[in-house]
Every structure is written in structure tokens, then in C-alpha cells.
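We count residues from 1, following the sequence as given. Values reported hereafter were calculated over all heavy atoms of this structure, with side chains retained and with hydrogens, waters and symmetry mates removed.
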Amino acid sequence: MTVQEPVTAADPRLGGIIKLAVLAVGGQGGGVLTGWIEDLARANGYAAQATSVAGVAQRTGATVYYVEMCPVTDRAPVFSLMPAAGDVDVLIAAEMMEAGRAILRGFVTPDRTTLVASTHRALAVSEKMVPGDGIASSDEVRAAAEVAARRIVMADFEAIAGANGSVISASLFGGLAASGALPFPREAFEAAIRAGGKGIEGSLRAFGAAYEAALAAPLAVEAPAVQPAIGAGPTHLRGEWERLLARVRRMPEPVAEMAGAGLRKVVDFQDLRYGAEYLDRLEAIVARDDAGRGHLLSREVAKHLANAMAYDDVIRVADLKTRDSRFRRIAGEMGAQEGRLLHLTEFMHPRAEEIVGLFPAPLGARLEGSARAMRLLGRVFARGRRLRTDRLPSFLLLHALGGLKDWRRRTLRHGREVAHREAWLALALGQQDYDLAVEVIRCRRLIKGYSDTHARGLSKFDRVLEALPLLKGRPDAAEWLRRLREAALKDEAGKALDDALRTVRSFA
């Protein structure tokens, strides 16, 4: 939580028209929040007008909701229909980058604007498309806000809402109330929520938690930690899980934290036996690692080995798409109320290679070697499928696919993943240069995703590591391998990697 300046009474200059803008994307309750603000003003002797400028919120940008209000007098007010740069008293941003965009658009100014913003991130499509880390910096937005706004109230309002069984609109309303930017008491805000008539108890809890958090500033308020559920299940499985955790605790401290997260990931992907295999492999590397280097190699293996073992195949994708937690998350993001039907359509487009990968290894290899069989599979699955998982037939189909974990070990895909993983580890551990070995392990970051995304990442991985012989014996070999990896992450087409490889070949 960050609050700049103590909470004070409303600015006396706001005796005229108060201008308030809300930036929110689909599912964040921007319309509900705007309705509460409008009702709050009218219930307290103010004339108010609310408008919205749609941004096709879930695809191309946030919807801008705009409210103007002023005390009722014998003169009819003249309200504007949309905000203007330099002319906004209160800006509410339902996500960190929306705050940044509001600053860029001039809606936040140091002479008048109170900025209420949630610090959580909902990644944009452009951020997700980058092969590497395309996530924009929230720290830069925070720094800009401290300069651009007269007063800021920032917290993870999304986490506060979730912890209290509500949605972010309620916690943002609490942050607004505590900011002192509007000349109304807390009780008036709560009355506006009650007047809404839906989800009252959860909204009031989230409102109150956000309000108290803002008043507690400058003390930091941490979002409640999400702990993985461990205790459910048969006794013998819980006992085996605890034995695996005990093995993690015996590892060096720098490795144990990452190993614990990795263990949870691979067990969730497959089973406890798979988790034991993960620890077997990791413990063998810890035993030969250099404690003087802080077990850096082992820590990187703990992270990237888990990702390699929990690869995305048809079984994994189907499993994730039919989990109850996913349905609940989507319903929450869409603001679906109890008793309302939510239609959910999944687009499934596995390539022929993914289908063949589900077959037993010998049969799958024969089919893959047959051009005719691959063309036939390609024609059958090339169009993709739209599956309504809110309907029983489609749900059962995906649920059945997701339940094939016991079959996975027999598949062509699993055999190839194991062989590729072992070759990668052997290549890294065979390096005499410790730093170079670490960079080889980190190259696994290039491989991720499903279908075409996985194929492109695997191709880049192979191209980067093919440069190892050219770097052999160089004192800066690790640095050059890092540069090649970072170049591969810069663009989908691999142009930056092509340029970096040409540079390496020029001095080899």
C-alpha cells in the first residue's frame, strides 16, 4: 500500500463541479463502481451525471467512465460528457498500467488530481506476445504517479477484494472513500453499496478492508499470501507428500525455496512419483555443486527442470481447462452473479504432431514417419474445434483427456521430452566453465507453451545451443550465450537472434 500525503478533507477548491474518471476493463465492475459514485452524489444533495466511452474493454483498451457532480442550487449545472486532459479531480485506475495510460493521456496532474489505483497487473496482449519477459514495469508507473498526481492511493485492491469474497470495484470504492477526495463520510459510501441491492455483504467487507488499509498508511499492507492446499487426500498420499517436503528441507537454503515450488508444480502435473523423480535429479546436482558459488547452478536447475518436466501437452491443456478453480476465476473476472448462466467456449487447435504425441511411443513414431498419416490427421484437426465447456458433452471430452495422466508416461511426446531433458542437463553439466553451465540451464526458458509456440521455442533453443562449440574456450563464453538467449527472446521471428549469431560466427 502506498498513500502519498495523509488523508485529509476534500479540497476546498472542489466547491464547484467535481470531475471523476474511472478506467477499467471488462469484468472489473467499472460500471458498478460508477453507479455507486453517481448514487452517492445524488443521495447527498449533489447533481450528478455519468457517461462512458467504451474501449471494447477485453480486447483493445479500458472503458473510460466519467462522472461530474456539484451541489444542487437554483441554477442547472452544465456537465461535460467526457474527461479532458488537465481537468480531472479524481482518477481511479483498476489496474497499474491503466494508471500509466491515464498519466500519459494527461488525466493526472499535480495541481489537482487524486489518483486511486490498484497495483496488480492484468497483462495486455502485447505483453503476452513477447517470447521473453514483455511485462511493462510497474515501478516506472509508480514513479511517474508520484510526480504527476497531487495525491496517490495505491494498493493491490484486487487482492483485497478477493480476500473478502468480492470484486475490485468494492475495494476501489473503499480507497476512494479513504482518500478524502470526495466531501462525503464513510457511512454515505456504505449506504450507496447497500442501495445497490446485490452482493452487499461481500462488497461491504472489501470496501471496509480497503478503507482501513488506506487509513493505516504509511504502514505497508501486504496482500494475503495464497498457500497451496496440501492437506486433502488419502493418508498414505499425505505421508508421501510430507516425505518429499522433508527432502526439500534438507537441501541448501538457496535451493530449497525454488525446489519447493518446483516440487508442487511437477506433482500437480503428474503425481507424487514424478515429484520424487524431480528431487532425485536435483539432489544429484546439488551434491556436486559449488557451495562457494551459493549453489547457483542447483537453484537454476530447480526452477528450469520443473518447467521442463511440466511441459504443455494435450493432456495438460485439457486438465487446466476443466478445473473448478479456472471456472471460478473466469466467473469472478466476468462479474457473473449467482444464478446467472455463463457461456464458455474453448478453442482447441492441436497440430497433427500433438495428436500423434498421444499415441504409444512405437505407434506414434510410425505414424509420424508416414506423410500420408500426418496429412490425414492434419486435415481432420486443421480447422480447430470450438468446445462449449459449459455444456456436458464438451466438458466430459476435455475432462477425460485431462484425466489421462497415468497414460502420459507411455506416449511418444513424454518419451521425447525425457530424452530432450536429459540431453540438455548432460550438456550443461559437461561444461568446465561454471558460469557457462548456468547459462545453458537458463536457456530452457526459451521452450514454453503449446503447439506452434512450443515448436518455435524449441527451434530457438536448438539454434542458441548450436553456438556452444563456437564459444568454447572463450573467457566471455557465458556472457555471449546469455546475449544469444536474450536475443532469441526479443522477437517471435528470431531476427535479433540471427544478427547475434552472425556476430558470434564472425569471431569464431
Side-chain angles (χ1 to χ4, degrees), residues 1-4 6-10 18 20-25 27-44 46 48 50 65 67 69 89-96 98-99 114-120 122 151-224 331-338:
M1 164 70 71
T2 299
V3 177
Q4 189 183 58
V7 176
T8 62
I18 301 174
L20 185 150
V22 179
L23 273 66
V25 299
Q28 293 180 321
V32 172
L33 175 58
T34 303
W36 283 339
I37 295 170
E38 190 177 13
D39 292 344
L40 167 71
R42 289 175 177 168
N44 288 273
Y46 275 60
Y65 302 89
V67 181
M69 64 181 79
D89 299 303
V90 183
L91 192 290
I92 302 175
E95 191 264 352
M96 196 62 167
E98 293 303 338
T114 294
L115 174 63
V116 180
S118 180
T119 57
H120 83 283
R151 180 184 304 146
I152 62 173
V153 176
M154 285 188 178
D156 191 342
F157 290 112
E158 174 77 8
I160 292 174
N164 289 277
S166 186
V167 293
I168 193 173
S169 53
S171 52
L172 287 171
F173 201 44
L176 172 64
S179 73
L182 297 183
F184 310 121
R186 171 175 177 168
E187 293 75 16
F189 285 81
E190 293 174 333
I193 293 176
R194 291 190 180 93
K198 294 181 181 180
I200 296 174
E201 294 305 317
S203 295
L204 287 174
R205 285 195 303 271
F207 171 90
Y211 185 93
E212 297 301 329
L215 291 183
L219 297 176
V221 177
E222 297 293 337
E333 290 176 353
M334 298 303 297
Q337 302 296 322
E338 186 175 352

Legend entry - Non-hydrogen atoms of Ala94 and Ile168 that approach each other most closely: O-CD1, 3.5 Å
Inset, instruction - With rounding to the nearest 0.5 Å, note down the distance linking CG in Leu91 to CG in Leu115. - result: 5.5 Å
Legend entry - Backbone of Ile200 reached by a side-chain donor or acceptor of Arg194 within 3.5 Å: no
Legend entry - Residue pair Leu20 / Leu176, side-chain heavy-atom distance below 4.5 Å: yes
Inset, instruction - Could you check if a side-chain atom of Ser171 sits within less than 4.5 angstrom of a side-chain atom of Asn164, using non-hydrogen atoms only? - result: no
Inset, instruction - Using a 4.5 Å cut-off on heavy atoms from C-beta on, say whether the side chain of Leu33 contacts that of Tyr65. - result: no
Inset, instruction - Could you check if a side-chain atom of Ile37 sits within less than 4.5 angstrom of a side-chain atom of Met69, using non-hydrogen atoms only? - result: yes
Legend entry - Closest non-hydrogen atom pair, Arg151 against Gly180: NH1-C, 4.4 Å
Inset, instruction - Check Leu23 against Glu98 and note the closest heavy-atom contact, atom names and distance. - result: CD2-O, 3.8 Å
Inset, instruction - Enter the distance from Ile193:CD1 to Leu40:CG here, rounded to the nearest 0.5 Å. - result: 10.0 Å
Inset, instruction - For Phe157 and Ser118, work out which heavy atoms get closest and say how close. - result: N-OG, 3.2 Å
Inset, instruction - Would you check if Ser203 and Trp36 make a side-chain contact, meaning some heavy-atom pair closer than 4.5 Å? - result: yes
Inset, instruction - Calculate, to the nearest 0.5 Å, the distance between atoms CD and CE belonging to Glu158 and Met96 respectively. - result: 14.5 Å
Legend entry - salt_bridge(Glu201, Arg205) N-O dist < 4.0 Å: no
Inset, instruction - Locate the shortest heavy-atom distance separating Glu95 from His120; write the atom from each residue and the value. - result: CG-O, 3.6 Å
Inset, instruction - Decide ring pair (Phe, Tyr, Trp, His ring centres under 6.0 Å) for Phe189 and Tyr211; before the verdict, give the C-alpha distance in whole Å, the side-chain angles of both, and the deciding distance to 0.1 Å. - result: CA-CA 11 Å; Phe189 285 81; Tyr211 185 93; 7.9 Å; no
Inset, instruction - Determine the sole option in Val22, Ile92, Val167 for which the side chain to side chain contact (heavy atoms under 4.5 Å, CB included) test with Leu172 is passed. - result: Ile92
Legend entry - Heavy-atom closest pair, residues Ala206 and Ala170: CB-CB, 3.9 Å
